[in-house]
Number of protein chains: 2
Amino acid sequence: MPTRKLEKVVSLKDIKVACQQCSLNEICLPVGVDQQELDRLDAIIDRKRPLTRGEHLFRVGDPFQSLYAVRSGSLKTYTMSEDGQEQVMGFHLPGEIVGLDAIAGGRHPLAARSLETTSVCEIPFVDLETLSAQIPGLQHELLRVMSQEIRDDEQNMVILGQKSAEERLAAFLVGLSNRFRRRGFSATQFNLSMSRSDIGNYLGLALETVSRLFTRFQNDGLLRVDRKHIELLDRERLCEFSGAQCAQPTSRSAHPQA
Amino acid sequence: MPTRKLEKVVSLKDIKVACQQCSLNEICLPVGVDQQELDRLDAIIDRKRPLTRGEHLFRVGDPFQSLYAVRSGSLKTYTMSEDGQEQVMGFHLPGEIVGLDAIAGGRHPLAARSLETTSVCEIPFVDLETLSAQIPGLQHELLRVMSQEIRDDEQNMVILGQKSAEERLAAFLVGLSNRFRRRGFSATQFNLSMSRSDIGNYLGLALETVSRLFTRFQNDGLLRVDRKHIELLDRERLCEFSGAQCAQPTSRSAHPQA
DNA sequence: CAAATTCATTGATCTGGATCAACAAATACC
DNA sequence: GGTATTTGTTGATCCAGATCAATGAATTTG
């Protein structure tokens, strides 16, 4: 891979994928936006060269210019505490928006780094704001996405504040499963693009605990693990294990509420 | 206090406090909104009869109609897990907005209950949305507030996921102190309107642990506690204890970024 | 204003999960 | 293709903080 620096050359012509043909347009921003409006949104969005594994999309303190929508692959967001201790804040799958936490401060409070080859859409925020004022559906959608993020973070606070190690990992896996399903992937079989250490860090557990729990869940017949690959054998029971409201229907429902 | 039930009578005439004369207008929504626009915002806002201690502003599952801005007093938001176990999600002080997590689902995922006599402004969301599309500054402000909430929730996730009991409580107190200061109250002396149990629940600690830590902090000369009343004697050191970035200036800075 | 209830403090004990440690399996690197 | 490095698994030990328990304020209630 010698052609690493040719960003603009690649992005402008070759990757001419518009929002309307993007398989994520049901999940990403443009819900409730009509064709013509979609074109206008599309026009402000920049599709960048894919990130290779480990590459940063942005770093802590970078000035906030744009939101990013994951098109394929995955990202993790994280900070370092004073002592250089990494804290993983989230994982981001296709159709999810990254950077919403930077609007208030004008700088990214977290870094975002790709966990595998990952492509994103860059959405310049000033343009998005302008467009939002003109397209009511878009404004509403933006508010909805932000509200959902707040909601999700609250859920995570419950998990971190009250749940046992077992419940945390179960909830994490069920959550991932739901997110995969929503975007048309298998809900019972997927790859973990993040390491055990990332999972542990995210869940507030030691990586050894995560590893032990995977083994235990496997012995209990709840799932099968092989390295990065996960197969959920008993999603039902895993849900119960997570001690949470898992009344997620099997079909793709838009936005289930608590 | 015999006149408890006269909601409408009181709210319409007597409590005619407009946004522009509200002491919170620098903190609450209307930053970057000019006088005329403020009048329009003011027009949609409903000032309700104060809530007495323990009263609910809304409950889990209530249809989402409005956001609420706390004018005086304080609220806690919480859910119940399956087993009837309460989970405190947050405390809300004057100038803070409640209900942002309900936009996405159309229903309140949390209940909000007053911790003391508390008055709020009700902001009907459809009106706010309409107005936001017309007043760019307001739209931006709304997005900023939501972004800040996401940011704050992320901070809380770090606290719950990685910090020791001592660090959690220290961070909590410093955080409260900062919030009080921002709205013109003393940063070193304030009342905790919530119980030890609420604090513990919120921080993912047993209430006994919270109590012990208060005693310890007091013995260490960090603060003085008397029942609900707190006096921070060594804010500096408490900051360090919290193991967090506490470079909060003493002056009122608008929106410090990490 | 006395009884009941809630809330806070402090002590004693127990345990889930962290930490330390050693090794195995993948993957990257030269 | 062989060495180095990262990543994952498993075992042994330890401790921060939960839980259990008892007592003492405050606050509420009738």
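Chain naming here is simple, since letters A, B, ... match the order of the sequence lines and numbering starts at 1 in each. FYI, side chains are in, hydrogens and waters are out, and symmetry mates aren't considered; it's all heavy atoms of this structure. All figures in this text were calculated on a predicted structure; none of them were measured in a lab.
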**Atom-pair distance (CG on A:D198; P on D:dT7), nearest Å** = 9 Å

**Message:** With a 4.0 Å cutoff (strictly under), does any side-chain N or O of B:S164 reach OP1 or OP2 of D:dA16?
**Reply:** no

**Prompt:** C:dG17, D:dG8, D:dT7: which one has an atom nearest the side-chain heavy atoms of A:R53?
**Reply:** D:dT7

**Request:** Report which part of the nucleic acid A:G204 touches: base, sugar-phosphate, or nothing (heavy-atom distance under 4.0 Å, all strands).
**Result:** sugar-phosphate

**Asked** So what does A:S195 touch, heavy atoms closer than 4.0 Å: a base, only the sugar-phosphate, or nothing?
**Response** sugar-phosphate

**Request:** Classify the ring geometry between A:F180 and A:F185 as parallel (under 30°), tilted (30 to 60°) or perpendicular (over 60°).
**Result:** perpendicular

**Message:** I want to verify a distance call: between D:dT19, D:dA26, D:dT9, whose nearest atom is closest to the B:A206 side chain?
**Reply:** D:dT19

**Message:** For a quick test of reading the model, state the closest non-hydrogen atom pair linking A:E166 to A:R216 and the distance between them.
**Reply:** OE1-NH1, 2.8 Å

**Request:** Take A:R227 and B:E166, find for each the nucleotide of DNA chain D with the closest heavy atom, and name the residue whose nucleotide sits nearer the 5' end.
**Result:** A:R227

**Value in whole Å for how far the P atom of C:dT10 lies from CG of B:N219** = 8 Å

**Message:** Rounded to whole Å, please give me the gap between CG in B:L207 and P in D:dC20.
**Reply:** 12 Å

**Request:** Could you pull out all residues at least two apart from A:R53 that satisfy salt bridge (Lys or Arg N to Asp or Glu O under 4.0 Å)?
**Result:** none

**Prompt:** C:dA12 C1' sits how many Å from B:R212 CZ, rounded?
**Reply:** 9 Å

**Nearest-angstrom distance from the residue atom CG of A:L213 to C1' of D:dG8** = 14 Å

**Request:** In whole angstrom, give the distance that lies between atom CD of B:E208 and atom C1' of D:dA21.
**Result:** 10 Å

**Message:** Consider side-chain contact (heavy atoms from CB on, under 4.5 Å). Of A:L233, A:D234, A:L232, which one does A:E236 pass it with?
**Reply:** A:D234

**Message:** Rounded to whole Å, how long is the line connecting atom NZ of B:K163 with atom P of D:dA16?
**Reply:** 17 Å

**Item:** Sugar-phosphate only, base, or nothing, as touched by B:L205 at under 4.0 Å among non-hydrogen atoms
**Value:** sugar-phosphate

**Asked** Is the distance from OP1 or OP2 of C:dA8 to the nearest side-chain N or O of B:K228 less than 4.0 Å?
**Response** yes

**Request:** To the nearest Å, give me how far apart CG (B:N191) and P (C:dA8) are.
**Result:** 13 Å

**Request:** State whether B:T215 places a side-chain N or O below 4.0 Å from either non-bridging phosphate oxygen (OP1 or OP2) of C:dT10.
**Result:** yes

**Mutual orientation of the aromatic rings belonging to A:F217 and A:F241 [parallel < 30°, tilted 30-60°, perpendicular > 60°]** = perpendicular

